[in-house]
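Only heavy atoms go into these numbers, but all of them, side chains included; no hydrogens, no water, no symmetry mates. All values reported here derive from a predicted model rather than from experimental measurement.
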Amino acid sequence: WSQGLYHENRPAARAYDDKDIVAAELLGTAPLRRRKLTGGAERGREMSPALARWPSSRGERYLLASLSRAGDRPYPLKLAAFDRRWRLRFSRIIARSAGVIARPSLLVLSGMPYLSWVDDATTDVTVARLSPSLRVGARISLHQALGGTEFSSFGPALAGLSGARLFEDAGRLAVAFVATMEYQPAGGNIRQEIFLATLSTPE
């Protein structure tokens, strides 16, 4: 999870900072073993960490996808890899947007890691297969995969697309998300739809 401080005496754009991501191992009735995975210099309302265990041919690793804002630039999507002892091996930016990237999800399926994220600049969800070197390989646009379905014109900050959650469905890659198709605050009208799809894995 992410945790940090809220500074009421600062402008709204700078109110949230001093953020960190913490991982905890659940060990039955024993106390949680907590590990801080960031250095405290992160910023942003919600870092939305997604964590996955990846038993690759190069050894077991933990993958962490998260968001952060530096200065006034939009939030980039970052990916970090830790070894089995939680030592940081590398961290890189996976994607940027003209708007806001939100709510990443990670899944390891048949030994391959997959990553999804919402981009409010395009009002779309991307599902990508990561290469063995953990770079974005093939990717799927859910807007295109669903036949050009137009999602709401409102981004994640205005109840647009929820994060697309990746999961395994009998060995297949599947995704679920909520889209706000119509949103009229003045009249109190809202129409949301739940999308559930099984995808062909990106090649």
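- Between M112 and L109 there is no side-chain heavy-atom pair separated by less than 4.5 Å.
- The heavy-atom pair separating A52 from L106 by the smallest distance is CB-CB, 3.9 Å.
- For the pair D169 (side chain) and A174 (backbone), a donor-acceptor distance under 3.5 Å is absent.
- Residues satisfying the side-chain contact (heavy atoms from CB on, under 4.5 Å) criterion with S110, sequence neighbours excluded, are absent altogether.
- Partners of R35 according to the salt bridge (charged side-chain N to carboxylate O under 4.0 Å, His left out) rule, which considers only residues two or more places apart in sequence or in another chain, are E25.
- Under a 3.5 Å cut-off, the side chain of R92 and the backbone N or O of L134 do form a donor-acceptor pair.
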Exercise. Would F82 and L64 count as a side chain to side chain contact (heavy atoms under 4.5 Å, CB included) if you check the C-alpha gap in whole Å, the side-chain angles of each, and the deciding distance to 0.1 Å?
Worked result: CA-CA 8 Å; F82 299 82; L64 173 68; 4.1 Å; yes
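- No donor-acceptor pair closer than 3.5 Å links the side chain of S97 to the backbone N or O of I101.
- Proximity of S116 to V175: side-chain heavy atoms (C-beta onward) are nowhere separated by under 4.5 Å.
- To the nearest 0.5 Å, the span separating CD1 on I94 from CZ on R135 amounts to 8.0 Å.
- When all heavy atoms are compared, the tightest approach of A102 to L67 is CA-CD1, 3.6 Å.
- Annotation for I140 and A145: closest pair CG2-CB, 3.8 Å, computed over non-hydrogen atoms.
- Side-chain contact between L130 and Y114: absent, with no pair of heavy atoms (C-beta onward) separated by less than 4.5 Å.
- Within the 3.5 Å criterion, the main-chain N or O of G111 finds a donor-acceptor partner in the side chain of W54.
- Qualifying salt bridge (charged side-chain N to carboxylate O under 4.0 Å, His left out) partners for R53, counting only residues two or more places apart in sequence or in other chains: E60.
- More than 12 non-hydrogen atoms from other residues, nucleotides or ligands lie less than 6.0 angstrom from CD1 of I93.
- Separating the CD1 atom in I21 from the NZ atom in K78 is a distance of 9.0 Å, to the nearest 0.5 Å.
- Minimum heavy-atom separation, S133 to F90: O-CZ, 4.5 Å.
- Side-chain contact between D20 and S2 is absent, with no heavy-atom pair separated by less than 4.5 Å.
- In terms of heavy atoms, V118 sits closest to A164 at CG2-N, 4.3 Å.
- When side chains are defined from C-beta on, D124 counts as touching L142, because their heavy atoms get closer than 4.5 Å.
- Within 6.0 Å of CZ in R89 there are more than 12 heavy atoms belonging to other residues, nucleotides or ligands.
- Considering only residues two or more places apart in sequence or on other chains, Y62 meets the ring pair (Phe, Tyr, Trp, His ring centres under 6.0 Å) condition with W86.
- Considering only residues two or more places apart in sequence or on other chains, R87 meets the salt bridge (charged side-chain N to carboxylate O under 4.0 Å, His left out) condition with D83.
- For the pair S66/S48, no side-chain contact is recorded, criterion being any heavy-atom separation below 4.5 Å from C-beta on.
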For this session: Test side chain to side chain contact (heavy atoms under 4.5 Å, CB included) on L77 and L115 and set out the steps.
Result: CA-CA 11 Å; L77 173 59; L115 175 64; 3.9 Å; yes
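- L63 has its side chain out of reach of L51: every pair of non-hydrogen atoms, C-beta onward, lies at least 4.5 Å apart.
- When every heavy atom of S105 is checked against every heavy atom of L166, the shortest pair comes out as OG-N, 3.1 Å.
- Between the T126 side chain and the S141 main chain, no donor and acceptor come within less than 3.5 Å of each other.
- Looking at V127 and L173, their side chains come closer than 4.5 Å, going by heavy atoms from C-beta outward.
- Clustering of Ile, Leu, Val, Met, Phe, Trp and Tyr by side-chain heavy atoms under 4.5 Å joins F167 with L196.
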